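Because the structure is predicted, anything quoted here is derived from the model rather than measured.
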Amino acid sequence: MPSYAPPRPTPRAGPREWAGLAVLSLPLLVLALDVSVLFLAAPQLVADLRPSGAQTLWIMDIYGFVIAGFLVTMGTLGDRLGRRRLLLTGGAVFAVASVLTAYATSAEALIAARALLGVAGATLMPSTLSLISTMFLDARQRGRAIAIWMTTMTVGVALGPLVGGVMLERFWWGSVFLLAVPVMAVLLVLGPVLLPEYRDPRPGPLDVPSIALSLATLLPVVHGLKHLASEGPGPVTAVSVAVGVLCGVLFVRRQRGLAHPLLDLSLFSNRSFSVALGLLLFGLVAINGVQYLAPQYFQLVAGMSPLRAGLWMLPVILAATAGMMLAPPLARRFGAARVMTGGALLSVAGFALVSQVDTTGGLATLVTGAAVAIAGISPLPVLTTELVVAAAPLEKTGTAAAMSETSGELGVGLGVALNGSLVAAVFGARTASEPAAGDDLASTLTVAGTMPSPTGDELTATARDAFTAGLNMVGVTGGALMLLLAVGAGWALRGTRSSADDATNSAADDARDRAADDASDSAEAGVDKAG
């Protein structure tokens, strides 16, 4: 009787891989710390360097936009040169750039240092996620690893206000950026020991014109949006956006004609891949307005210290952690589309609360609204990342991870820029009758502090009311966006399964296969015995 060789079971990760996951989480922890401490340090930073309103926006989001611009390039480089090598190189550069950021003496120098941090960050993010795909081949384990990996960012956001608040109480604002140096040192020591190396065995040449076109697509569009936010519509905005769109068209045409493109456009033919990227982008645009503005409300409206402001953010961070860790088991039970749709509807309720915050007694309303909103949206990045990674072949996971991170970082950057611009517009309209008012709340409070009472007190009250009105508008627009996202997720992902879903089916299939193999072996043994 012909022998039957059962299919090999998918290798499961062991202690070495889980220890490696802890090392891979370190860069993400630093990236999260870098964002959250910047929000917390913003008032001191503005008071020290006195940037203009446009420069303040650049300081806040140049990091995210540069990451978004370079992620595809760096993800492809990782596939070609080695993902571990790129990760360790990026970690070293990030440590150096963090020192430059900490000791920046002008707004221009700080913007340049943050841009360098963005370039280094772009090497870290796709490398870590693609290495997770290499290390965790079992679908259930991979889903759990991705949830842990993404929750690390939430933990970083939680630690950022606490650690940063303590440091800001004792040191200058630049000290918070030095937190990255010892963490990256640990990565550089343990990475070569615990992390495997992986590269595409047939990578093809790297197309330099494609890299230039990818940057020429994003950066002019970003410049146009910035100019629109600070100066209003005009020829500069129109020309910048037109140049970016034109370069984007040329980039896509070039990729279609290359045997080894920088970005494999065939990935977008997978509906799960394309829809997941869109949902991730718009979800983060909505939520990052609240994450950006809440610490400012605590410090500049409620008059809290940085440390107290960080403590008040803890319920929001705990809600995000719970949402991320519950995402894989909920998706296995109810399906990814239903979990994302239900979470988006929950976020609508949270944004509705944010729209009702006022200047007196609004702390509980803001914290509750922000916690509900972020709890609802937290399953989205975990499940969409699973969908993106599962849709790509192993040799392309660096590129797929880069696209996922590009969508996420662009969402973060756009969230800060668009919501910040919305608040600035409302603030400007509400303070137009005050000649002494500045471009934003922080600069206006600085001016008010130099004025005699009651003139200074009246300007302070007007400025705080104007900022809070802008925060309310962010709640309205965020709720509307999440409502549209709920409808889109339910419709576009109907019938789609995440890797969390597939893990359950895979486990059941494996069990059935083993049972069938055992029955076959028993039958063969019986035949042999009878013979």
Side-chain angles (χ1 to χ4, degrees), residues 24-35 38 58-98 100-101 111-133 149-150 152-153 156 177 180 183-184 187-188 191 199 206-208 210-219 221-222 251 262-264 277 280-281 284 381 385 388-389 396-414 416-417:
L24 288 176
S25 299
L26 290 175
L28 199 64
L29 178 66
V30 168
L31 296 177
L33 286 169
D34 199 61
V35 171
L38 179 63
W58 275 111
I59 290 170
M60 292 296 172
D61 55 28
I62 185 64
Y63 172 72
F65 276 121
V66 170
I67 285 181
F70 278 92
L71 274 171
V72 173
T73 299
M74 296 304 180
T76 305
L77 279 177
D79 287 341
R80 285 169 162 79
L81 303 179
R83 295 165 184 171
R84 186 181 68 185
R85 179 185 299 178
L86 185 67
L87 175 66
L88 298 179
T89 302
V93 175
F94 198 97
V96 173
S98 297
L100 296 177
T101 302
I111 292 170
R114 293 279 294 167
L116 181 59
L117 275 175
V119 175
T123 68
L124 302 175
M125 301 177 77
S127 299
T128 55
L129 185 53
S130 57
L131 281 171
I132 286 176
S133 300
W149 177 79
M150 299 199 74
T152 303
M153 176 170 279
F177 296 103
V183 176
M184 288 303 176
L187 170 67
L188 295 175
R199 62 176 63 89
L206 184 65
D207 187 58
V208 176
S210 292
I211 296 175
L213 282 173
S214 68
L215 296 175
T217 297
L218 182 64
L219 297 182
V221 172
V222 173
F251 175 79
L262 180 70
L263 176 60
D264 187 356
L277 292 180
L280 183 61
L281 171 66
L284 292 180
T385 300
V388 169
V389 170
K396 296 293 183 182
T397 52
T399 301
M403 289 304 303
S404 175
E405 296 299 339
T406 297
S407 184
E409 285 302 316
L410 193 58
V412 171
L414 283 173
V416 172

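- For S25 against W149, the heavy-atom pair with the smallest separation is OG-CA, 4.2 Å.
- Just one residue in the list L24, T89, L86 forms a side-chain contact (heavy atoms from CB on, under 4.5 Å) with S127, and that residue is L86.
- A distance of 6.5 Å separates CG of L87 from CG of L131, quoted to the nearest 0.5 Å.
- Of all heavy-atom pairs between L88 and G191, the closest is CD2-CA, 4.2 Å.
- Note that the CD1 atom of I59 and the CZ atom of R114 stand 9.0 Å from one another [nearest 0.5 Å].
- Interatomic distance, S98 OG to F177 CZ, rounded to the nearest 0.5 Å: 8.5 Å.
- With a 4.5 Å cut-off on side-chain heavy atoms, L116 and V96 do not count as touching.
- Note: L129 CG to R83 CZ = 9.5 Å, rounded to the nearest 0.5 Å.
- Minimum interatomic distance between V93 and A120 (heavy atoms only, all atoms of both residues): CG1-CB, 3.8 Å.
- You'll find the side chain of I211 stays beyond 4.5 Å of the side chain of F70, heavy atoms only.
- Here the shortest heavy-atom pairing between I111 and I62 reads O-CG2, 4.0 Å.
- Between M74 and L124 the shortest side-chain heavy-atom distance does not fall below 4.5 Å.
- The two residues F94 and A180 come nearest to each other via the heavy atoms CE2-CB, 3.8 Å.
- Nearest heavy atom pair, residue P27 against residue T128, reads CG-CG2, 4.1 Å.
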